[in-house]
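Let me begin by presenting the structure, written as structure tokens, before commenting on it.
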Amino acid sequence: QVQLVESGGGLVQAGGSLRLSCAASGRTFSTYAMGWFRRAPGKEREFVAAIGRSGGSTKYADSMKGRFTISRDNAKNMANLQMNSLKPEDTGVYYCAARRQTLGTYPSAERYWYEYWGQGTQVTVSS
């Protein structure tokens, strides 16, 4: 089982940047695909980005491409989300998620694919 703890959220002005981190417990982090999702006020949880177990495969929601970058450090059991050019509509609670990834599969954008979730970190972008 994996426990996930997000950090790095906060209040930032539009156009600014934030770097979110997700710390994972356990010694098998490198076998898990990682994803980031967010839930804006009054909306469903939506996909942001995902990364494969080795870091070689990434996927982004269209609205985040070119602004957000997902990465991971398997030696430190960390997954990160660098967010640049933030917009007020990026406001929400950001969650990291994990699922053990078997060889030959790719990280999914579907929230139901993930097995483990963190508690979330709030990101607020002011206009």
Side-chain angles (χ1 to χ4, degrees):
Q1 191 165 355
V2 176
Q3 292 185 324
L4 306 172
V5 179
E6 302 94 336
S7 62
L11 174 64
V12 64
Q13 289 187 330
S17 298
L18 280 175
R19 183 178 177 84
L20 305 184
S21 294
C22 176
S25 65
R27 292 180 285 182
T28 59
F29 178 72
S30 62
T31 65
Y32 286 82
M34 301 297 295
W36 284 96
F37 289 75
R38 72 183 184 192
R39 185 174 63 204
K43 295 187 176 181
E44 294 289 320
R45 194 174 300 194
E46 65 173 343
F47 172 72
V48 174
I51 189 167
R53 53 190 282 175
S54 68
S57 175
T58 58
K59 180 181 295 186
Y60 296 90
D62 288 343
S63 62
M64 288 73 169
K65 287 180 181 177
R67 299 190 300 126
F68 291 9
T69 302
I70 190 171
S71 62
R72 67 188 296 157
D73 185 338
N74 286 345
K76 296 182 178 179
N77 281 19
M78 296 285 290
N80 303 297
L81 184 69
Q82 178 67 42
M83 305 187 295
N84 299 328
S85 303
L86 284 163
K87 306 174 183 179
E89 51 264 43
D90 292 320
T91 293
V93 180
Y94 283 69
Y95 302 87
C96 70
R99 176 184 170 122
R100 190 179 294 274
Q101 182 185 2
T102 56
L103 294 176
T105 65
Y106 296 90
S108 174
E110 298 295 328
R111 61 182 176 173
Y112 303 108
W113 187 78
Y114 292 86
E115 299 173 294
Y116 305 103
W117 292 84
Q119 294 300 306
T121 185
Q122 176 70 45
V123 171
T124 303
V125 184
S126 63
S127 57

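Any value given below was found using the heavy atoms of this structure, including those in side chains, with hydrogens, waters and symmetry copies removed.
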Gap separating the [atom1] atom of [X] from the [atom2] atom of [Y], nearest 0.5 angstrom:
{"X": "S54", "Y": "R72", "atom1": "OG", "atom2": "CZ", "result": "8.0 Å"}
{"X": "R100", "Y": "Q1", "atom1": "CZ", "atom2": "CD", "result": "11.0 Å"}
{"X": "K76", "Y": "F29", "atom1": "NZ", "atom2": "CZ", "result": "12.5 Å"}
{"X": "S57", "Y": "I51", "atom1": "OG", "atom2": "CD1", "result": "8.0 Å"}
{"X": "Q119", "Y": "Q3", "atom1": "CD", "atom2": "CD", "result": "10.0 Å"}
{"X": "S30", "Y": "D73", "atom1": "OG", "atom2": "CG", "result": "11.5 Å"}

Is there a side-chain contact between [X] and [Y] (heavy atoms, below 4.5 Å)?
{"X": "Y116", "Y": "Y32", "answer": "yes"}
{"X": "F68", "Y": "L20", "answer": "no"}
{"X": "Q13", "Y": "L86", "answer": "no"}
{"X": "L81", "Y": "T69", "answer": "no"}
{"X": "V12", "Y": "M83", "answer": "no"}
{"X": "S71", "Y": "R19", "answer": "yes"}

Is [X] reaching over with its side chain to a backbone N or O of [Y], donor-acceptor style, under 3.5 angstrom?
{"X": "T91", "Y": "V125", "result": "yes"}
{"X": "R67", "Y": "S85", "result": "yes"}
{"X": "K87", "Y": "G15", "result": "no"}
{"X": "T121", "Y": "G9", "result": "yes"}
{"X": "R53", "Y": "Q101", "result": "yes"}

Where P107 and A33 come nearest, the two heavy atoms and their spacing:
CB-CB, 4.0 Å

Closest non-hydrogen atom pair, Y94 against V48:
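Looking at all heavy atoms of both residues, the closest pair is CE2-CG2, 4.2 Å.
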
Check: R39/Y95 side-chain N/O donor and acceptor closer than 3.5 Å:
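Result is yes, a qualifying pair exists.
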
State whether a side-chain donor-acceptor pair under 3.5 Å links Q82 with N80.
no

Is there a continuous path of hydrophobic side-chain contacts, each under 4.5 Å between heavy atoms, that joins V93 to W36?
no

Hydrophobic cluster membership, F47 vs V123, 4.5 Å side-chain cutoff
no

For residues 17-62, which residue pairs qualify under disulfide (SG to SG under 2.5 Å), counting only residues two or more places apart or in two chains?
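Listed once each, the pairs are C22-C96.
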
Write out all pairs satisfying salt bridge (Lys or Arg N to Asp or Glu O under 4.0 Å) with one or both partners inside residues 22-38, taking only residues at least two apart or from two chains.
R38-E46, R38-D90

Tell me whether the centres of the aromatic rings in Y114 and F37 are closer together than 6.0 Å.
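Yes, close enough.
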
Cationic tip of R45 within the cone over W117's six-membered ring, i.e. under 6.0 Å and within 45° of the normal?
yes

